[in-house]
Amino acid sequence: MRGTPRTRRIPRPALGVLIGATALFTAGTLATPAGAAPEPGPSTARVHSVPASAQQQARDFWTPERMRSAVPLDLLDADARSTDAAPRAGRPATVAPTAPTAPTAGTADVGPAAFPNGGGAWTGGGAVVNTAGRVFFTYQGRTASCSGNAVTSANKSTVITAGHCVKLEGAWHTDWVFVPGYHDGQAPHGRWTATKTLSTPQWTASEDINYDVGAAVVAPLDGQRLTDVVGGQGLAFNTGYNLRMYAFGFPAAAPYDGQKFIYCSGTTNRDFLLSSDHGMGCDMTGGSSGGPWFTKFDEATGTGLQSSVNSFKYNFLPNRMYGPYFGADAQNLYQAAQSS
């Protein structure tokens, strides 16, 4: 196992970082079914188990009023960290999207302005309006929110989000629920409580922004599993930089209010400052953290390959978002989650 990465704190006056913007990784070319993507290396995810009593408490806790009033985590006081080491690479691999047992989404109709786009309401439909959703939890005694996305998985119960949306400042979040298809305080597909939350070892140990990836395994709801109800997006690992991508989330800080589904799109590039993350022009704000970025995104069906998550912004680049490269450790995290 690798040692703890060397980290440095970014000086706030010069390079203050708002955790929770947008970025994405790229498409893969080696198609593999769920559960069959090659294990890239020995580094393992860190897992936090949630007792059954706490799961029920979380489900009861998140009323429509509490969901509407949750503070976007991205605007809380959290210093970003970086490392000189680039994320570990592995073989390119993809996992295909899966449809729900009873499809609930129509086709998208977003018009020619869909690409590129620096931030706007997703007016199309498609699978993404059901697989993506808001994440709610308690952080340091406060109700907070992020974004997340349901993905194809062996357990049909895996959600991908940002690392800081499951653990921050040395503590795992509590009362953690995923609300796919969220809108205007409503939970059209229910509130899915976490049985486990997970993150990469580098984020868990030192909150390294290169590894700001998290996951959750959610309990069945009304006898059904998550992706049987809403479907699951595909994933891509170790597939490079500089590709066309779409990013989605529920930004809750001004000018947004967290009640609407927002997207950005464009061609990404590699961060040349303090990380090895992807960067994209996008004005999403706090609350969008953990929302999915897709390559190979099909506007007509709303499906794609998730390749990163909304992670951070530099304060001096307010219209540019960044997200971690989905390399070997992100792939290990996915494997650990879908096997739980």
Side-chain angles (χ1 to χ4, degrees), residues 1-2 25 28 30-52 54-55 58 87-101 131 133 135 137 148-163 165-167 172-173 176-178 180 192-205 211-221 223-239 290 292 305-309 324-340:
M1 182 181 224
R2 291 171 29 168
F25 183 59
L30 177 62
T32 57
E39 186 70 17
S43 183
T44 57
R46 300 297 186 261
V47 181
H48 171 68
S49 296
V50 182
Q55 296 171 35
R88 295 186 308 132
R91 290 185 295 166
T94 64
V95 178
T98 53
T101 302
T131 64
V135 170
F137 48 87
N149 182 60
V151 295
T152 295
S153 57
N155 59 15
K156 298 186 177 182
S157 302
T158 296
V159 177
I160 299 295
T161 186
C165 296
V166 296
K167 186 177 188 290
W172 295 93
H173 303 321
W176 202 101
V177 301
F178 175 58
W192 299 75
T193 60
T195 64
K196 293 182 176 69
T197 50
L198 309 87
S199 190
T200 59
Q202 297 88 348
W203 178 261
T204 303
Y211 301 91
D212 183 20
V213 189
V217 178
V218 296
L221 182 62
Q224 294 181 293
R225 290 185 289 182
L226 175 64
T227 59
D228 284 336
V229 176
V230 302
Q233 296 286 351
L235 301 101
F237 302 97
N238 298 299
T239 50
L305 302 178
Q306 183 168 354
S307 306
S308 188
V309 296
Y325 183 92
F326 270 22
D329 291 284
Q331 188 173 352
N332 276 336
L333 174 67
Y334 166 68
Q335 295 284 58
Q338 74 159 347
S339 301
S340 297

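Throughout, residue positions are numbered sequentially from 1 according to the sequence presented. It should be emphasised that the depicted structure is a prediction, and the values quoted were computed from it without experimental measurement.
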Q) Testing T131, T152, T227 for side-chain hydrogen bond (donor to acceptor under 3.5 Å, both in side chains) with T98, which one passes? A) T152
**Q.** Sole residue of V213, D212, D329 in side chain to side chain contact (heavy atoms under 4.5 Å, CB included) with Q202
**A.** D329
Q. Looking only at heavy atoms, which two atoms of R88 and Y211 are closest? And how far apart?
A. N-OH, 4.0 Å
(Q) If I take atom CD from residue Q233 and atom CG from residue N149, how far apart are they, to the nearest 0.5 angstrom? (A) 5.5 Å
Q. CZ/F237 to CD/Q331 distance, rounded to the nearest 0.5 angstrom?
A. 5.5 Å
Q | Nearest atoms (heavy-atom pairs only) where P201 meets A45 | A | CD-CA, 4.2 Å
Q | Partners meeting side chain to side chain contact (heavy atoms under 4.5 Å, CB included) with P180 (sequence neighbours left out) | A | F178, H189, W192, L226, V230
Q | Residues which pass side-chain hydrogen bond (donor to acceptor under 3.5 Å, both in side chains) with T193, listed by chain and number, not counting sequence neighbours | A | R59
Q. Atom CD in Q306, atom OG1 in T94: separation rounded to 0.5 Å?
A. 13.5 Å
**Q.** With K156 via salt bridge (charged side-chain N to carboxylate O under 4.0 Å, His left out) - residues at least two apart
**A.** D228
(Q) Could you work out, with side chain to side chain contact (heavy atoms under 4.5 Å, CB included) as the rule, every residue matching T204, not counting sequence neighbours? (A) R46, K167, W172, S199
**Q.** Closest approach of A219 to Q55 (non-hydrogen atoms, all atoms of both residues)
**A.** CB-OE1, 3.7 Å
Q. Do side-chain atoms of S307 reach the backbone of L305 as a donor and acceptor pair under 3.5 angstrom?
A. yes
Q: Output the distance between atom CG (L235) and atom CD1 (I160), rounded to the nearest 0.5 Å.
A: 6.0 Å
(Q) Let me confirm one number: the CD-CG distance from Q335 to L198, rounded to the nearest 0.5 Å. (A) 12.5 Å
Q) How about V166 and W203: do any of their side-chain heavy atoms sit closer than 4.5 Å? A) no
(Q) Assess, by modelled atom type and distance only, whether the side chains of N155 and S153 contain a donor and an acceptor separated by less than 3.5 Å. (A) yes
Q | side-chain hydrogen bond (donor to acceptor under 3.5 Å, both in side chains) partners of T195, counting only residues at least two apart | A | none
Q: Please name all residues satisfying side chain to side chain contact (heavy atoms under 4.5 Å, CB included) with A194, sequence neighbours left out, ordered by chain then number.
A: W176, T197, A216
**Q.** Which atom of V309 lies closest to which atom of A162, heavy atoms considered
**A.** CG2-CA, 4.0 Å
Q | Spacing of CD belonging to Q224 relative to OG belonging to S157, to within rounding of 0.5 Å | A | 11.5 Å
Q) Where do S308 and P324 come nearest, in terms of heavy atoms and distance? A) OG-O, 2.6 Å
Q | F326 side chain near Y334 side chain, heavy-atom distance below 4.5 Å | A | no
Q. Which pair of non-hydrogen atoms, one from P292 and one from G148, has the smallest distance, and what is that distance?
A. CD-O, 4.1 Å
